[in-house]
Amino acid sequence: MGLKCLFLLLLDPFCIPLIRGTCHYSPYINTEKIMHTIKSKNPKVLNLKPQPAMNHDFSVVIENVSKVYPTPKGPYTVLQDVNLTVKEGEFICVIGHSGCGKSTLLNMVSGFATPTHGSVLVNGKPVKKPGPDRMVVFQNYALLPWLTVFENVYLAVDAVHPNKREAEKRSIVRDHLAMVGLTEAENKKPTQISGGMKQRVSIARALAIRPEVLILDEPFGALDAITKEELQEELLKIWNDHRCTVLMITHDIDEALFLADRLVMMTNGPAANIGEIMNIPFPRPRDRDRIMEDPQYYDLRNYALDFLYNRFAHDDDAA
Ligand SMILES: Nc1ncnc2c1ncn2[C@@H]1O[C@H](COP(=O)(O)OP(=O)(O)OP(=O)(O)O)[C@@H](O)[C@H]1O
């Protein structure tokens with residue numbers, strides 16, 4: 001029971017302030033070129049309008065959601081009137097400047113935070129608290145350092161499936177460690193493995209529960225570029241094989257264009273909202289080189305950059 005409580009503590013909102021990352025948009029962008037491209041394109045060509053979908057298709061429904069935090073200076077409205085519907089099995093990336101409320105929004109889906117106004121539904125049911133149908137992967141991995149890789153995943157499986165037979169639980173853990181290529185490392189402690197491996201453990205732990213919604217809060221933000229690309233590809237493969245709805249926060253537009261079906265672009269806070277939603281049209285399975293050769297790639301990338309750096313520039317961007 002004690003260990004199960006520890007697993008649930010991993011999902012505690014107190015973890016969240018520990019995972020703040022810095023912005024790392026690609027620095028090699030020529031603003032004039034972007035503006036030229038933007039001005040020469042009709043946004044309709046970029047297929048930016050949210051697509052209508054039927055209610056029964058929705059895995060996640062965020063309806064007129066506002067979040068107000070009490071602060072010593074008075075109420076602080078982080079998000080105001082946010083609406084988003086996500087289809088089952090859809091891969092959504094959320095982008096926006098630091099502090100605009102991305103984590104707050106996804107915390108209301110995971111159940112760590114509750115809306116001040118409005119509602120969040122997952123598979124038609126209002127979200128009231130965290131649950132195993134919505135697993136979260138954090139940037140800082142949130143592994144228990146005194147447990148092995150195997151035990152970290154086992155802890156979660158055991159907490160969610162206490163009545164399954166021991167052999168079955170161990171087999172689930174083994175299958176998911178194999179899925180992320182960590183069979184050889186199963187007896188190592190988190191301090192004995194790299195950052196990329198730690199994040200693989202964290203992804204294996206989340207998927208071992210078979211969540212309906214996987215929430216990734218800047219999962220690759222702390223990794224080097226090569227490891228990050230490897231993990232993006234692994235994540236896509238796993239998602240192709242075990243389709244669940246994915247909501248992922250990123251600061252990396254290229255990452256979003258490679259992974260997502262749609263890119264949700266948030267305006268700046270306070271009272272942030274969803275500014276635009278970009279449909280990402282590249283066919284799946286995706287090949288990084290092939291999509292980067294697609295002329296639409298740069299149109300979409302530049303459109304997102306213009307949104308962040310011109311239309312909703314942050315004070316820090318002026319530097
Ligand atoms: N519990 C809280 N009480 C008061 N203010 C809060 C609380 N949690 C978050 N905030 C504030 O809400 C705003 C949005 O925070 P949030 O973490 O959702 O932003 P974010 O877009 O995810 O940022 P980042 O990209 O830096 O992770 C920030 O100004 C933050 O300081």
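Order of listing sets the numbers, starting from 1, for every ligand and every atom in it. These numbers were taken from a predicted model, which means no experiment stands behind them.
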Atom indices of ligand 1 within 4.0 angstrom of Lys102 heavy atoms, with elements: 18 (O), 19 (O), 20 (P), 21 (O), 22 (O), 23 (O), 24 (P), 25 (O)
Looking at ligand 1, does any of its N/O atoms fall within less than 3.5 Å of an N/O of Cys100? yes
Relative to the heavy atoms of Gly101, which atoms of ligand 1 are at a distance of less than 4.0 Å? 14 (C), 16 (P), 18 (O), 19 (O), 20 (P), 21 (O)
If you draw a 6.0 Å radius around CZ in Arg290, do more than 12 non-hydrogen atoms from other residues or ligands fall strictly inside? no
Stepwise side-chain contact (heavy atoms from CB on, under 4.5 Å) test for Leu106 and Ile249: CA-CA 8 Å; Leu106 296 202; Ile249 296 173; 3.5 Å; yes
Report, as yes or no, whether the 6.0 Å neighbourhood of atom CD on Glu166 holds more than 12 heavy atoms from other residues, nucleotides or ligands. yes
Show which side-chain atoms of residues 266-273 pair as donor or acceptor with protein atoms under 3.5 Å away, not counting sequence neighbours.
{"unit_1": "Thr267", "atom_1": "OG1", "unit_2": "Asn273", "atom_2": "N", "d": "2.9"}
{"unit_1": "Thr267", "atom_1": "OG1", "unit_2": "Asn273", "atom_2": "O", "d": "3.3"}
{"unit_1": "Asn268", "atom_1": "ND2", "unit_2": "Phe312", "atom_2": "O", "d": "3.1"}
{"unit_1": "Asn268", "atom_1": "ND2", "unit_2": "Ala313", "atom_2": "O", "d": "3.1"}
{"unit_1": "Asn273", "atom_1": "ND2", "unit_2": "Gln80", "atom_2": "O", "d": "3.0"}
{"unit_1": "Asn273", "atom_1": "ND2", "unit_2": "Asp81", "atom_2": "O", "d": "3.3"}

Is the shortest N/O to N/O distance between Thr71 and ligand 1 below 3.5 Å? no
Measure from atom 26 (O) of ligand 1 to every heavy atom in Ala272, Ser103, Pro72, Ser98 and give the option owning the shortest one. Ser98
Gly96 near ligand 1, heavy-atom distance under 4.0 Å? no
Give the contacting part of Thr104 toward ligand 1: side chain, backbone, both or neither, where contact means a heavy-atom distance below 4.0 Å. both
Purely on distance, is any nitrogen or oxygen of Gly99 under 3.5 Å from one on ligand 1? yes
Heavy-atom contact check, 4.0 Å cutoff: does Glu218 meet ligand 1? yes
Short list, please: which atoms of ligand 1 are under 4.0 Å from a heavy atom of His251? 25 (O)
Could you verify whether a donor N or O on one side chain and an acceptor N or O on the other, from Thr227 and Asp224, lie under 3.5 Å apart? yes
Classify the angle between the aromatic ring planes of Tyr297 and Phe282 as parallel (below 30°), tilted (30 to 60°) or perpendicular (above 60°). tilted
Those residues that, when tested against Lys198, pass salt bridge (charged side-chain N to carboxylate O under 4.0 Å, His left out) (two or more places apart): none
Between ligand 1 and Pro70, is the shortest N or O to N or O distance under 3.5 Å? no
Heavy-atom pair with the smallest gap, counting every atom of Leu79 and Cys100: CD2-O, 3.8 Å
Checking contacts here: is it the side chain or the backbone of His97 that comes within 4.0 Å of ligand 1, counting heavy atoms only? Could be both or neither. backbone
